[in-house]
Number of protein chains: 2
Amino acid sequence: MPLPKPTPSELDILRVLWRHGPATVRAVHEQLGGGYTTYLKLLQIMAEKGLVTRTEADRAHIYRAVPSEHEVQTSLLGDLMQRAFGGSAAQLALRALESRRSSREEIAQLRAMLDRVEREMEAPAGGLDTTADQSKEKKA
Amino acid sequence: MPLPKPTPSELDILRVLWRHGPATVRAVHEQLGGGYTTYLKLLQIMAEKGLVTRTEADRAHIYRAVPSEHEVQTSLLGDLMQRAFGGSAAQLALRALESRRSSREEIAQLRAMLDRVEREMEAPAGGLDTTADQSKEKKA
DNA sequence: TAGTGTCAACGAAGATCTTCGTAGATCGTC
DNA sequence: GACGATCTACGAAGATCTTCGTTGACACTA
């Protein structure tokens, strides 16, 4: 198994690391509030799980997120898609859009995405690889 | 608080109830495999939580899903949207579509949805600016 | 009526998640 | 060198989730 799915608390921490970059326990703690050792413990567990790495050069260790935000989003979404949408990404997207606000720019992005998806339907890019895992990212 | 978010196991059970309609513990158990009393216990807990109701007329009680599939999907999606996508439904939808297969029909549905969303953006729905919404607001 | 099977109820165990207190090491300062 | 602040490590408690064994009630039947 590549990386475990982060728990809600772990996701909170990852979000801090994605936004602020590598950080100490104290920095995370100050961003999120609550007990200092709570985040120490969580970060230790996350390091065991492989969700973060740490540098022990200084006395206050520096933690870095391992998976990118993109990867985690894809993973969590794949999970929910399987569990609640019968594996249909489109049904999920439909549900996401149906009662919530989006900007014009986002709508334009989505149209472009639909165009792309439709184009790729005609060009057989790969087999029926419907794995729920995060797949390889096309490096830009 | 309306209804709690179903746990993964509870969601499995709800999916059976949505697909098959009201069912006994045995029916759920036969659909999902595993120990009989596991589902008995889960359904009892779900009844306490309000996720299902039950009819005790017969010796084998009949359980019914309380929230619709639609409602649960919306709820779980809203949760994930907040936790992992900074509240952006469009970003979530984009991520859902970017590496997964959808049918032409689903893509057409999505385009229609985008059209609708965009139309609703332009039509202020009523003369009054009843923006009882969450968007831009000067702090009080 | 004794035996077999099905049912709900209950309790408990194990896993995971979250939180925090305490202990011990280290650093800076007086 | 003593003191206080800061840090890691460790353990444990409480909550939730999942699973299952046992018990007692009930029903069918030979």
Side-chain angles (χ1 to χ4, degrees), chain A residues 1-17 22-65 67 72 75-76 79-80 82-84, chain B residues 1-17 22-65 67 72 75-76 79-80 82-84:
Chain A
M1 193 142 92
L3 277 182
K5 188 170 62 113
T7 67
S9 296
E10 288 169 350
L11 183 55
D12 288 341
I13 291 177
L14 285 176
R15 299 227 290 160
V16 170
L17 297 181
T24 61
V25 172
R26 182 151 301 277
V28 170
H29 155 68
E30 278 164 4
Q31 282 295 312
L32 297 175
Y36 174 88
T37 54
T38 297
Y39 294 103
L40 173 63
K41 181 65 140 185
L42 282 172
L43 280 163
Q44 286 169 345
I45 292 172
M46 289 171 77
E48 281 172 20
K49 292 184 181 176
L51 288 170
V52 299
T53 57
R54 66 175 180 185
T55 306
E56 309 184 8
D58 279 333
R59 192 154 84 95
H61 301 176
I62 307 288
Y63 291 85
R64 287 174 174 77
V72 169
S75 160
L76 293 177
D79 216 63
L80 185 59
Q82 291 306 324
R83 292 195 300 108
Chain B
M1 195 71 116
L3 278 183
K5 189 169 61 115
T7 67
S9 297
E10 289 169 349
L11 183 55
D12 288 342
I13 292 177
L14 285 176
R15 299 228 290 159
V16 170
L17 297 181
T24 61
V25 172
R26 181 150 303 274
V28 170
H29 154 67
E30 278 164 3
Q31 282 295 311
L32 296 175
Y36 173 88
T37 54
T38 298
Y39 295 103
L40 173 63
K41 180 66 140 186
L42 283 172
L43 281 163
Q44 284 171 346
I45 292 172
M46 290 170 77
E48 281 172 19
K49 292 183 180 177
L51 289 169
V52 298
T53 57
R54 69 175 177 183
T55 306
E56 308 184 8
D58 278 333
R59 193 156 85 96
H61 301 175
I62 307 288
Y63 290 85
R64 289 176 173 75
V72 170
S75 159
L76 293 176
D79 215 65
L80 185 59
Q82 290 307 323
R83 292 196 297 110

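Everything quoted here is computed from the prediction, not taken from an experiment. Chain identifiers are assigned alphabetically (A, B, ...) following the order of the sequence lines, protein sequences preceding nucleic acid strands; residue numbering begins at 1 within each chain. Quick note: numbers below take in every heavy atom, side chains included, and nothing from hydrogens, waters or symmetry partners.
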Which atom names give the shortest non-hydrogen contact between B:Val52 and B:Leu43, and what distance separates them?
-> CG2-O, 3.8 Å
Does A:Thr37 use its side chain to pair, donor to acceptor, with the backbone of A:Leu40 at less than 3.5 Å?
-> no
When you match B:Glu56 and A:Thr7 each to their closest nucleotide on DNA chain C, which lands nearer the 5' end?
-> B:Glu56
Considering only heavy atoms from C-beta outward, does the side chain of A:Leu42 approach that of A:Val28 to under 4.5 Å?
-> no
Between A:Tyr39 (OH) and C:dC20 (P), how many Å, whole number?
-> 8 Å
What are the bounds, 5' to 3', of the part of DNA chain D that sits under 4.0 Å from heavy atoms of chain A?
-> D:dT6 to D:dA12
Would you indicate what A:Tyr36 reaches in the nucleic acid, counting non-hydrogen atoms under 4.0 angstrom: base, sugar-phosphate, or nothing?
-> base
A:Pro6 versus A:Val72, closest heavy-atom pair with distance | CG-CG1, 3.9 Å
What's the NE2-C1' distance between B:His29 and C:dT6, to the nearest Å?
-> 12 Å
Mark yes or no for whether B:Tyr36, through its side chain, and B:Glu30, through its backbone, hold a donor-acceptor pair below 3.5 Å.
-> no
Separation of B:Asp12 CG from B:Gln31 CD (nearest 0.5 Å) = 11.5 Å
What is the per-nucleotide protein-contact pattern of nucleotides 21-30 of chain C, from the 5' end, where B denotes a base atom under 4.0 Å from a protein heavy atom, S denotes such proximity for sugar-phosphate atoms only, and - denotes neither?
-> BB--BBS---
Which heavy atom of B:Lys5 sits nearest a heavy atom of B:Leu76, and at what distance?
-> CG-CD2, 3.2 Å
N/O donor-acceptor pair under 3.5 Å between B:Tyr63 side chain and B:Gln44 backbone = no
Point-to-point distance, once rounded to the nearest 0.5 Å, from CG of A:Leu17 to CG of A:Leu51 = 10.5 Å
Contacting residues from residues 41-49 of chain B, given that a heavy atom lies under 4.0 angstrom of DNA chain C = B:Lys41, B:Gln44
Which part of the nucleic acid does B:Thr38 contact within heavy-atom distance under 4.0 Å: base, sugar-phosphate only, or nothing?
-> base
Among A:Lys49, A:Lys41, A:Arg15, find the one that has a salt bridge (Lys or Arg N to Asp or Glu O under 4.0 Å) with A:Glu10.
-> A:Lys49
Interatomic distance, OG@B:Ser9 vs CG@B:Leu14, rounded to 0.5 Å, equals 11.0 Å
